[in-house]
Protein chains: 2
Amino acid sequence: MPKPKKKSGRTPGPRGRGDRAGIRTRLFDFKREQILEVAERLFYERGFRSTTLDAIAAELSVTKPFIYYHFRNKQDILHVLVQRTMQRNAEVFGGINVEQGRPTELLHELCRRIVFLVINSRTSIAMFWREQKEVPEQEKLVMHAAKQRHDGQLQRIIERGIASGEFAVDDPKLAVLSIQGMINWAYTWYRPDGRLSPELIADGVADLAVRAVVAVSRAAGARAPESARPSAPARIQAA
Amino acid sequence: MPKPKKKSGRTPGPRGRGDRAGIRTRLFDFKREQILEVAERLFYERGFRSTTLDAIAAELSVTKPFIYYHFRNKQDILHVLVQRTMQRNAEVFGGINVEQGRPTELLHELCRRIVFLVINSRTSIAMFWREQKEVPEQEKLVMHAAKQRHDGQLQRIIERGIASGEFAVDDPKLAVLSIQGMINWAYTWYRPDGRLSPELIADGVADLAVRAVVAVSRAAGARAPESARPSAPARIQAA
DNA sequence: CCTACCGATCGGTAGG
DNA sequence: CCTACCGATCGGTAGG
C-alpha cells in the first residue's frame, strides 16, 4: 500500500522497506511525477502564488484532493522541484575535479556543462531563482551553502589558472560571479526555436567566459584550446 | 486641485494644466512617492502577489483607501514601478552614442554604467525581472521592444569593434546576451555591506565584459584602456 | 458642495 | 482518491 507516511518531499516516492518497487509504488511515483511536471510548468508560467492547485488538478483532469494525496501541500511540491534543481546542479559541479587538468580546459568544460543544464532545465532554473522568497528560511540556508560550494569550485579553477599563468584576473570572486551571471542568464533568453543550438550556445558562452579571464600573453590566446571544444559541427537550428 | 482624473500610472502625479505645481499637487505627488517606495521594497521582499495592500498601508500608517485614492489598483502601482525602471534603463542607454568613439572604451563605459544602475536600483531591477508575468501582455511588448533596442546598441558597438579590429567575436548576438547576463546578474548577489564598492564592481565587471570580446592581438591587450577606467582609487568598503 | 480620506464590509477565491 | 465543504484572507469599494 502506498502512502507510508511520506516525509516532506521525498523525491522518488515512498519505498516500503528495502524491497524493490512494487507496481503500486511505481504507480504512485508515476502520478507524483505527472503532478510535478504540470506544477513546474505552471509555476514557471504563472508563478508559485498565482498557480492554484485547482489549476494543476484541472490540467491533469483530477481533483485537488488527488494532489493532496501525493503531496503534503503546495509548498511541498515546490520543495521537491527546488531539491531536484539543486540536485542536477550538484551533479554537474560534482562531475568535475577542479584539481586535475589544465584550468583553461576545466573552466571551459564546466561552463559548457552548466550552460547546457541551464538551457535544458530552464523552467526549473527560472523557478529556482524567481521563487526563492517562497522557500522556507532553513532550506534557503542549504541552497546558499550549495551555491557557495559551487562558486568555490569555480574560484579554485580560476586561482589555479592564475598560479599557472594561464589566467590573469584582478578579483577571482568577482570573476566567478560574473561568469555565473553570463551562464545563468541564459534561462531568461534561451528559446528552443531560436537561432542557435544548445551545443553552439553552451560552447559560445564557455568561450566568452574563458576569454574574460585568460591571460593575453599566453600562446593559447584568448580562445579556448580546440581540445576543450566539442567536435560538433556548426549545427544551426531552424529559424 | 489634485486628482484631475489621473490616467493609469502617471509618474509625476497630476499637474492641473500648464501651471507650476501647487502645494496640493506637490503633496499628492509626495504621498504617491511614499507609497511607491514602500511598495517597491515589499514587492522586492515578498513578491507582488504576496504583498497585500494592507501591508503597504500598514507600513505607512494609513488605510487601504488612502492607497486607492492615489493609485487605481495594485497593478497600477507595479505598472508605475516597472515604467520607472525602464525609464532609468533607457536613460543609461540613451546617454551613449554608439557611433562615436572607440568601441573598446564605449563598451567599457556602457557596461560600467549599466552595472552601476543594476547595483543602485537592484530592488527595482529584481522586481522588473521577477514580476514579468504580472505585467499585462501589451506592456510586455513595450518592454521587449526596449530590451531589443538596448541589445541592438550593444551589438552595434561590438560590430563596430569587429570592423575596427579591436574585437574578435564569433557571434555578436550571443556576446551581447552573455554580457547582459554578466551585468544584470549583479542584482542577485550585490550586497551594500559587501567586500567591494559599487565603483570597483562596476569597473571590474566592465573589464571582464571587454576582455570577453576583445581581440588578443591588439596592442591594447585584453584590459580596458586606462582612459576608460575611472580614476577612483581602490576603494574598499567595510566588511 | 467639494476635498480628502476612514471604518467597515463586499464578492470572490485561496489552501486545506 | 472524490464530494462537499471550512476558516481565512485577498483586492477592491460601498456609504458617510
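Just so you know, these numbers use all the heavy atoms, side chains as well, and skip hydrogens, waters and symmetry mates.
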For atom CZ of A:Phe71 and atom C1' of C:dG15, their distance in whole Å: 16 Å

Strand DNA chain C in bracket notation, Watson-Crick/G-U under 3.5 Å with | for pairs to another chain: .....|.|.||.|.||

Residues in side-chain hydrogen bond (donor to acceptor under 3.5 Å, both in side chains) contact with A:Thr123, at least two apart in sequence or another chain: A:Glu40

Rounded distance (Å) that lies between atom P of C:dC10 and atom CG of B:Leu53: 19 Å

Sugar-phosphate, base or nothing in reach of A:Asn73, heavy atoms under 4.0 Å: sugar-phosphate

Strand-adjacent residues in residues 55-65 of chain B, judged by heavy atoms under 4.0 Å from DNA chain C: B:Thr63, B:Pro65

Atom pair distance, as rounded to whole Å: CZ in B:Phe28 and P in C:dA4: 8 Å

Sugar-phosphate only, base, or nothing, as touched by B:Thr51 at under 4.0 Å among non-hydrogen atoms: sugar-phosphate

Side-chain polar contacts of residues 172-180 of chain B - donor-acceptor pairs under 3.5 angstrom, sequence neighbours left out - could you list them?
unit_1: B:Lys173; atom_1: NZ; unit_2: B:Gln155; atom_2: OE1; d: 3.4
unit_1: B:Ser178; atom_1: OG; unit_2: B:Leu174; atom_2: O; d: 2.9
unit_1: B:Gln180; atom_1: OE1; unit_2: B:Asn184; atom_2: ND2; d: 3.3
unit_1: B:Gln180; atom_1: NE2; unit_2: B:Asp151; atom_2: OD1; d: 2.8

Rounded C1' spacing from C:dG16 to D:dA4 in Å: 13 Å

Residue-phosphate contact under 4.0 Å: A:Tyr68 side-chain N/O, C:dG16 OP1/OP2: yes

From C:dC6, D:dC1, C:dG16, nucleotide with atom closest to B:Phe66 side chain: C:dC6

Electrostatic pair B:Lys133-B:Glu131, nearest N-O below 4.0 angstrom: yes

Spatial distance of atom CE (B:Met127) from atom CD (B:Gln132) [nearest 0.5 Å]: 10.5 Å

Nearest-Å distance for atom pair CD1/P, residues A:Ile67 and D:dC1: 13 Å

Contacts of type salt bridge (charged side-chain N to carboxylate O under 4.0 Å, His left out), residue A:Glu45, not counting sequence neighbours: A:Arg41

Pairing residues for B:Phe66 by the ring-ring contact (aromatic ring centres under 6.0 Å, His included) criterion, not counting sequence neighbours: B:His70

Rounded distance [0.5 Å steps], CG in B:Leu42 versus OG in B:Ser50: 11.0 Å

Between P of D:dA8 and NZ of A:Lys74, the distance in whole Å: 19 Å

Between C1' of D:dG12 and NE2 of B:His70, the distance in whole Å: 17 Å

Between C:dG15 (P) and A:Asp76 (CG): distance, integer Å: 14 Å

Atom pair CG (A:Leu110) and CD (A:Gln153), whose distance is rounded to the nearest 0.5 Å: 7.0 Å

Verdict with supporting geometry, A:Tyr187 and A:Tyr44, side-chain contact (heavy atoms from CB on, under 4.5 Å): CA-CA 11 Å; A:Tyr187 83 73; A:Tyr44 171 72; 5.9 Å; no

Whole-Å distance separating the CG atom of B:Asp54 from the P atom of C:dC6: 13 Å

N/O (side chain, A:Lys31) to phosphate O (OP1/OP2, D:dC1) under 4.0 Å: yes

Check: A:Glu134 side chain, A:Phe48 main-chain N or O, donor-acceptor pair, under 3.5 Å: no

Among C:dG15, C:dA4, D:dC1, the one nearest A:Tyr69 by side-chain distance: D:dC1

